[in-house]
Amino acid sequence: MTAHRATVSCPECELEEAFSKLAAARMRIENHREETGHEAVWELGQFASGVEKMGNEAGVCGIPDN
């Protein structure tokens with residue numbers, strides 16, 4: 001069984017899908033936006049503590065969170 005890394009949902013429709021890879025989840029959000037004009041969102045699953053620490057240090061889009 002593969003762990004879900006992200007769940008994509010849309011507050012404007014019934015879209016809700018789970019993904020094991022973040023790239024696939026990001027692509028689904030973009031495709032949904034292009035197809036419907038809706039702004040889908042994602043909820044990230046739990047990551048290993050080292051991954052979470054590096055993500056927090058990188059900040060949004062790789063900009064350090066100083």
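Small disclaimer: the values here were computed from a predicted structure and weren't measured.
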Approximate separation, where rounding is to 0.5 Å, of Glu43 CD and Arg5 CZ
14.5 Å
Quick one: side chains of residues 7-15, donor-acceptor pairs under 3.5 Å with protein atoms, not counting sequence neighbours, listed by atom name and distance.
none

Can you list every pair that meets side chain to side chain donor-acceptor pair (under 3.5 Å) and has a residue in residues 22-31, with sequence neighbours left out?
Glu17-Arg28, Glu30-Arg33
Assess the residue pair Leu22 and Leu44 against the criterion (side chain to side chain contact (heavy atoms under 4.5 Å, CB included)); give the C-alpha distance rounded to whole Å, side-chain angles, the decisive distance to 0.1 Å, and a yes or no.
CA-CA 9 Å; Leu22 296 180; Leu44 300 180; 3.7 Å; yes
